[in-house]
Novice: 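Got a structure here, written out as structure tokens. Questions coming.
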Amino acid sequence: MQLNAKIPAGPLEDKWDQHRFDMKLVNPANKRKYTVLVVGSGLAGASAAASLAELGYNVKCFCFQDSPRRAHSIAAQGGINAAKNYQNDGDSVRRLFYDTIKGGDYRAREANVYRLAQVSVNIIDQCVAQGVPFAREYGGVMANRSFGGAQVSRTFYARGQTGQQLLLGAYSALERQIGLKKVAMYSRCEMLDIVLVDGKARGIITRDLINGKIERHAGDAVVLATGGYGNVFYLSTNAKGCNVTASYRAYKRGAAFANPCFTQIHPTCIPVAGDHQSKLTLMSESLRNDGRIWVPKKAGDTRAAKDIPESERDYYLERKYPSFGNLSPRDISSRAAKEVCDEGRGVGPGGLGVYLDFADSIKRLGKNMIAERYGNLFEMYERITGENPYEVPMRIYPAVHYTMGGLWVDYNLMSNIEGLHVLGEANFSDHGANRLGASALMQGLADGYFILPYTIGNYIASAKLNPVTTDHPAFVETEREATNQINQLLQINGKRSVDDFHRELGKVMWDYCGMARNDAGLRTALERIPEIREEFWRDVRVPGSGQYFNQELEKAGRLADFLEFAELMCHDALMRTESCGGHFRTESQTEDGEAKRDDENFTFVAAWEYKGVGTKPTMHKEVLEFENVHLSTRSYK
């Protein structure tokens with residue numbers, strides 16, 4: 001397997017501009033001759049599909065929801081970063097680049113991150129033109145707020161609904177192209193596999209989730225924008241439908257999977273309430289602008305928050321990280337919360353919680369101002385917990401949220417499989433070992449609106465694309481394999497439900513590959529996962545048939561992939577014996593419990609090659625070169 005990042009030569013600031021000029025173009029009249037398959041219709045997928053159709057390509061767009069508006073992108077609440085420097089507080093493209101590289105603990109590719117920072121300023125203009133209702137100051141200029149890992153205010157927001165509003169903007173652009181017949185939209189349709197012809201991605205196999213029909217779709221290029229794999233842990237802030245299937249099945253066809261162990265634990269989640277909870281709810285990181293995080297100084301203190309005086313409260317983030325305080329990066333804030341809870345100072349049932357307190361901000365700014373900024377988030381919290389956060393502090397605890405790993409892509413966002421492009425959270429490219437808050441929306445829209453439309457044209461203009469139809473033997477064989485797996489799942493007729501197996505897998509992953517990992521725990525997970533997988537294929541119960549709407553069948557297919565993918569995650573985590581970002585190896589920490597990187601041995605991207613179920617994959621390295629930032633110990637103190 002060859003990994004060529006295709007990073008352009010020249011100064012960092014000029015790479016993208018020069019590369020755009022050097023890329024080959026497709027004549028406007030010729031674009032009508034080509035078809036692009038876009039799998040996923042969240043921010044990355046919808047923006048890509050709309051942009052490609054606007055350019056003249058024929059686009060087929062697929063989503064498993066009933067509408068692109070249901071994509072998990074709507075769950076991003078707090079904001080989107082851009083280096084506009086509206087606050088005149090010292091922000092710049094270079095500072096956003098530096099913050100992102102540092103926030104990712106120096107495990108991201110410089111060229112991609114700098115391009116992301118450059119493109120960020122265009123995203124805001126694009127979204128304003130689409131009518132996205134960003135918050136504005138009294139004088140009419142767009143408002144900004146702060147997010148973790150930055151000392152400037154660069155986050156644009158629409159109350160606590162930023163992802164939803166941005167998705168509506170992309171959705172309106174997509175619907176326009178659907179109306180013009182340039183995009184064919186396939187809702188309630190799941191990708192089962194990717195089809196390779198002569199080593200190039202030329203199509204996909206899908207299943208209609210309503211009637212069960214298996215279909216073949218051919219195209220000249222395939223774009224995966226299918227999100228992350230956080231639901232391998234069962235309990236996460238992801239929507240229940242989020243899964244790894246599209247990415248993992250591309251991996252099984254030869255696409256390299258990069259840094260799968262880099263998963264992000266978000267510090268601001270509503271704590272687990274019971275053993276049979278099916279998912280977790282995120283409270284936006286934006287709340288940390290005005291909320292102060294604390295626990296009692298004394299272990300085992302069960303008094304109500306209002307009864308604990310200031311002198312007996314530990315505002316531990318402000319104490320440990322005075323430069324960033326409550327806006328410390330997510331990985332650091334999450335580990336700090338776990339640490340105080342492990343000391344017996346956690347709050348709420350089971351002691352797995354810390355307070356997020358708005359009393360000082362309400363006193364300083366007034367309840368109306370806080371409601372204007374976060375009203376819908378406060379309402380959501382009260383509906384779930386029955387507690388009014390205007391009157392008592394919120395209780396929060398870390399939870400699985402985002403995945404920085406994903407399919408390996410080069411500078412052009414193309415995987416090592418020719419023609420297979422990967423966008424947004426589905427690729428590994430921009431966030432390193434930890435993503436800063438408000439950067440997910442930035443990357444998804446940057447990839448879809450401003451990067452892929454250039455790079456996919458370069459691919460189409462450069463590649464020799466012979467006509468391919470769905471009668472090609474590769475389509476027939478790939479469909480047969482996908483159909484066989486569905487039939488196999490339906491014929492097991494065991495005794496345990498899909499959710500029962502998923503919950504068991506999730507506990508193993510959280511215990512041994514969660515917020516903290518170590519050699520012994522990861523080896524235990526690598527023993528347990530194959531046992532769970534074997535029992536799944538022997539004793540899972542999938543009622544009904546594949547000829548109609550069958551959610552248990554959907555879940556079973558996705559869990560089958562998680563049961564294989566979980567091993568890949570653990571192999572990656574076991575190999576990387578350093579601590580960096582969201583990957584914390586207990587054997588690699590400083591005297592005061594901070595992550596301890598090993599730049600001499602691990603300054604690389606780990607890209608894994610599939611070798612078969614139950615067989616250890618082969619690792620390939622893309623060495624990371626840092627020419628514009630100095631590798632240093634990350635400090636937020």
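Keep in mind it's a predicted model, so treat the numbers as computed, not measured. Heavy-atom basis, side chains included; hydrogens, waters and symmetry copies ignored.
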Novice: Restricting to ring pair (Phe, Tyr, Trp, His ring centres under 6.0 Å), what partner residues turn up for His266, sequence neighbours left out?
Specialist: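 Only His401 meet the ring pair (Phe, Tyr, Trp, His ring centres under 6.0 Å) criterion with His266.
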Novice: Just wondering, are more than 12 heavy atoms of other shown residues or ligands nearer than 6.0 Å to CZ in Arg94?
Specialist: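 Result for CZ/Arg94: enclosed.
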Novice: With sequence neighbours left out, write down each residue that passes side-chain contact (heavy atoms from CB on, under 4.5 Å) with Leu25, or none if nothing qualifies.
Specialist: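 Counting only residues at least two positions away or on another chain, Leu25 forms no side-chain contact (heavy atoms from CB on, under 4.5 Å).
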Novice: List the residues meeting side-chain contact (heavy atoms from CB on, under 4.5 Å) with Lys279, not counting sequence neighbours, and say none if there are none.
Specialist: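 By the side-chain contact (heavy atoms from CB on, under 4.5 Å) rule, Lys279 matches Lys240.
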Novice: Begin from the C-alpha positions of Phe584 and Asp331 and carry the test side-chain contact (heavy atoms from CB on, under 4.5 Å) through to its verdict.
Specialist: CA-CA 9 Å; Phe584 188 73; Asp331 57 323; over 6 Å; no
Novice: State yes or no: are the ring centers of Phe156 and Tyr86 separated by less than 6.0 Å?
Specialist: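 Distance test on ring centres: under 6.0 Å, yes.
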Novice: Check the surroundings of atom CZ in Arg136: do more than 12 heavy atoms from other residues, nucleotides or ligands lie under 6.0 Å from it?
Specialist: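 More than 12 within 6.0 Å, yes.
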Novice: With sequence neighbours left out, write down each residue that passes ring pair (Phe, Tyr, Trp, His ring centres under 6.0 Å) with Tyr374, or none if nothing qualifies.
Specialist: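 Scan of Tyr374 (ring pair (Phe, Tyr, Trp, His ring centres under 6.0 Å), adjacent residues dropped) gives none.
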Novice: Mind checking salt bridge (Lys or Arg N to Asp or Glu O under 4.0 Å) for Asp599 and listing every partner two or more places apart, or none if nothing turns up?
Specialist: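 Listed in chain order: Arg107, Arg597.
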Novice: Which residues pass the side-chain contact (heavy atoms from CB on, under 4.5 Å) test with Phe324, not counting sequence neighbours?
Specialist: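 With neighbours one apart ignored, the set is Gln151, Ser328, Tyr636.
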Novice: Let me know which of Asp91, Asn144, Asn289 forms a side-chain contact (heavy atoms from CB on, under 4.5 Å) with Ser153.
Specialist: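 By the side-chain contact (heavy atoms from CB on, under 4.5 Å) criterion, Ser153 pairs with just one of Asp91, Asn144, Asn289: Asn144.
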Novice: Can you sort out the partners of Lys338 under salt bridge (Lys or Arg N to Asp or Glu O under 4.0 Å), two or more places apart, ordered by chain and number?
Specialist: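 Only Asp342 meet the salt bridge (Lys or Arg N to Asp or Glu O under 4.0 Å) criterion with Lys338.
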Novice: Determine the sole option in Lys6, Met23, Arg20 for which the side-chain contact (heavy atoms from CB on, under 4.5 Å) test with Thr455 is passed.
Specialist: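 So the option named by the test is Met23.
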Novice: Test of understanding: with side-chain contact (heavy atoms from CB on, under 4.5 Å), list the residues that count as partners of Gln118, not counting sequence neighbours.
Specialist: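 By the side-chain contact (heavy atoms from CB on, under 4.5 Å) rule, Gln118 matches Trp16, Val93, Tyr114, Arg115.
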Novice: Enumerate the residue pairs fulfilling side-chain hydrogen bond (donor to acceptor under 3.5 Å, both in side chains) with a member in residues 95-104, sequence neighbours excluded, ordered by first and then second residue.
Specialist: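 Sorted result for residues 95-104: Asp99-Arg154.
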Novice: Using salt bridge (Lys or Arg N to Asp or Glu O under 4.0 Å) as the criterion, list what pairs up with Glu339, not counting sequence neighbours.
Specialist: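 With neighbours one apart ignored, the set is Lys320.
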Novice: With sequence neighbours left out, what residues match Glu372 under side chain to side chain donor-acceptor pair (under 3.5 Å)?
Specialist: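 Applying side chain to side chain donor-acceptor pair (under 3.5 Å) to Glu372 gives none.
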Novice: Mind checking ring pair (Phe, Tyr, Trp, His ring centres under 6.0 Å) for Phe602 and listing every partner two or more places apart, or none if nothing turns up?
Specialist: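 Phe602 satisfies ring pair (Phe, Tyr, Trp, His ring centres under 6.0 Å) with Phe604 once adjacent residues are dropped.
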